[in-house]
Amino acid sequence: MLLIKCPWCGERAETEFSCGGEAGITRPANPDSLTDAEWADYLFMRKNPRGAHAELWNHSLGCRRWFGVERDTVTYRIAKTCKLSPGKTD
Amino acid sequence: MTEAPTQRHGLEHFLGDPLQGNATDSIVDIQLQPRLSHLNLRGNAGNPDFVKATEDVLDQKLPTVPNTMSANMHRVYWLGPDEWLILTDSQTLVEELQQSLSPLHGAVNDVSGGQIALRISGTHVRDVLAKGCTLDFHPRVFTSGLCAQSGLAKASVLIALTGDADTFDVVVRRSFADYLVRWLRQAADEYGVRIESA
């Protein structure tokens, strides 16, 4: 069982968390101006790297906050976890 | 003849169970606390006005350190950086808080219908909880004044240690309460278990 460090609650068992996929995906400012291919790329296309991967995780059984995780997809080693918006509480 | 209205909490069938196991000092007591009001409080802990408005009504500290609680007149648990749970006997606290927070950005909701508090005590209470939860229940780690949300036998719960080292409070959704009490009864069976209502 992995111990994952929630930025608020501290280290907890991985069963308390759920993975939300790749981090850093920004919703396009003006979806109407996109082609179907560009919109599909935003909606569906994700990197699938072998190695370091920036992900979003949710502490679903704990404080229910989203946070950032840098995880290696080969070794499962978690390099770091962080709050998504430093200085803000939500 | 008029009959007084009765309040039901849905766990009556556990009461009056014959004592399971041997009646020894090691028995685990499960006390249902169905009459408490549960209030969910949301607001910005970084805003001194919000903290003051809340603490003025509660007359006790709002715990802003993760995984901590404050217990005095009411029991206030940290749920998240902007979320707290308040357990209280007071019927008027929800209106008082709503009034005090009305000029500010915040919210208080009565969630009493959705969840129920159990108080579990006994010398083996940490062993019982550890059977179904990944938290570290060692007395050196889970000390008085701490609370944590986690899974207990796959039910999502809030677990807190209020005062005494062998008395834990567990808050669980009402829809999981029957299952969880059954699980606790079985998990505590080897030490002896007694179920009562407050």
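In what follows, every heavy atom counts, from backbone to side chain, and hydrogens, waters and symmetry copies are set aside. Because the structure is a prediction, the values reported are computed rather than measured. Chain letters run A, B, ... following the sequence lines, proteins first and then strands; every chain starts at 1.
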**Student:** How long is the gap from CG on Leu85(B) to NE2 on His38(B), to the nearest 0.5 Å?
**Tutor:** 7.0 Å
**Student:** side-chain contact (heavy atoms from CB on, under 4.5 Å) with Asp164(B): which residues, sequence neighbours excluded?
**Tutor:** Asp166(B), Thr167(B)
**Student:** Relative to chain A, which segment of Leu135(B) carries a heavy atom at a distance below 4.5 Å: side chain, backbone, both, or neither?
**Tutor:** side chain
**Student:** Under a 3.5 Å threshold, yes or no: a donor from one side chain and an acceptor from the other, between Glu16(A) and Ser150(B)?
**Tutor:** yes
**Student:** Look at Val65(B), Val157(B), Asn67(B) and state which one has the largest set of heavy-atom pairs under 4.5 Å with chain A.
**Tutor:** Asn67(B)
**Student:** Contact between Ile86(B) and Val108(B) at the side-chain level, heavy atoms closer than 4.5 Å - yes or no?
**Tutor:** no
**Student:** Let me know if Ser60(A) has heavy atoms under 4.5 Å from chain B in its side chain, its backbone, both or neither.
**Tutor:** neither
